[in-house]
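Since the structure comes first, as structure tokens, the remarks are kept for the end.
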Amino acid sequence: MTAQLIDGNALSRQLRTEVAQRAAALKARGTTPGLAVVLVGDNPASQVYVRNKVKACEDSGLHSVLEKYEAEMTEAALLARVQALNNDPSIHGILVQLPLPQHIDAQKVIEAISPAKDVDGFHIASAGALMTGMPGFWPCTPYGCMKMLESLNDGKGYDLKGKHAVVIGRSNIVGKPMALMLLAKNATVTICHSATSDLKAQTLQADVIVAAVGKRNVLTADMVKPGAVVIDVGMNRNDEGKLCGDVDFEGVKNVAGWITPVPGGVGPMTITMLLVNTLEAAERAAGT
Ligand code: GUN
């Protein structure tokens with residue numbers, strides 16, 4: 001192995017300690033940061049995710065409420081709940097877990113969340129803020145990837161200026177916001193996707209590669225320039241049922257300069273950035 005491991009668990013612990021300290025300071029001034037997590041239906045993966053998010057809040061001294069509803073809940077009833085949470089001064093962040101049942105228009109629900117409480121960063125106001133460099137909330141997964149890049153070189157950060165970054169995947173949640181964040185740091189950014197004709201030709205040019213497709217072995221050792229930074233956003237299962245990413249870790253770790261593992265890489269960072277966004281929302285609401 002030549003690559004240095006980017007340890008998402010260790011970085012998360014460090015950032016969550018800072019969150020807990022800032023949360024305690026805000027609490028001392030009379031505001032306890034509060035997150036509402038809304039789960040509709042009984043998707044097993046979603047149940048695990050929301051439990052982890054609520055537990056992470058509690059561990060960092062944030063107030064959290066978990067609202068669980070039957071899969072049959074109407075769209076109108078969900079919109080009414082979102083409205084009530086928008087008006088609840090004890091709640092600073094609102095997260096509606098996706099996917100929602102088919103009969104509910106997820107985009108309509110996201111747009112109903114007040115942008116001031118959009119800690120997922122999925123509202124079009126948040127997307128617009130990111131695109132234009134205005135204050136807003138950044139989606140947690142790409143934000144966590146940026147924090148990982150900032151942690152390199154003993155915390156001095158990886159200088160993206162003039163570097164070539166290749167993002168594989170173009171989702172609204174990861175690929176597109178990731179590309180904008182890298183661009184804001186003066187990287188030259190290429191977005192690759194399922195219709196890209198020669199992915200390897202692109203990734204071989206890259207100083208930084210972010211793989212966010214949701215498919216195993218999208219990136220193999222022959223596709224990586226020696227010394228490149230490789231960030232793996234994938235969450236897949238291998239043939240033995242073990243969690244794995246989009247990157248062939250065993251091969252790529254011998255070529256890359258830095259690499260994130262799965263598990264223990266981007267996953268914990270996503271939840272950490274949700275805590276950071278919720279704290280930030282509460283600090284803004286309190287005028288600090
Ligand atoms: N489903 C899977 N990931 C996420 C996430 O980050 N936020 C929400 N709201 N739903 C998700």
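When a ligand or atom number is given, it counts from 1 through the structure's own listing order. Predicted, not measured: the structure shown is a model, and the values here were computed from it.
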Return a table of N or O atom pairs, ligand 1 on one side and protein on the other, at distances under 3.5 Å, rounded to 0.1 Å.
{"residue": "ligand 1", "atom": "1 (N)", "partner": "Q97", "partner atom": "NE2", "Å": "3.1"}
{"residue": "ligand 1", "atom": "1 (N)", "partner": "L98", "partner atom": "O", "Å": "2.8"}
{"residue": "ligand 1", "atom": "7 (N)", "partner": "D120", "partner atom": "OD1", "Å": "3.2"}
{"residue": "ligand 1", "atom": "7 (N)", "partner": "D120", "partner atom": "OD2", "Å": "3.2"}
{"residue": "ligand 1", "atom": "9 (N)", "partner": "V96", "partner atom": "O", "Å": "2.8"}
{"residue": "ligand 1", "atom": "9 (N)", "partner": "D120", "partner atom": "OD2", "Å": "2.6"}
{"residue": "ligand 1", "atom": "10 (N)", "partner": "L98", "partner atom": "N", "Å": "2.9"}

Go through R16 and T272 one step at a time and tell me if the side chain to side chain donor-acceptor pair (under 3.5 Å) criterion holds.
CA-CA 6 Å; R16 287 185 199 194; T272 299; 2.8 Å; yes
Rounded to the nearest 0.5 angstrom, the CD1-CG distance for I173 and L98 is 6.0 Å
Tell me, yes or no, whether the heavy-atom count around K225 atom NZ, taken from other residues, nucleotides or ligands under 6.0 Å, exceeds 12.
yes
Within a 6.0 Å radius of atom CG on D198, are there more than 12 heavy atoms belonging to other residues, nucleotides or ligands?
yes
Pair N86, I94 - check side chain to side chain contact (heavy atoms under 4.5 Å, CB included), show working.
CA-CA 8 Å; N86 282 341; I94 302 170; 3.2 Å; yes
Within the side chain of K117, is there an N or O that forms a donor-acceptor pair under 3.5 Å with the backbone of I91?
yes
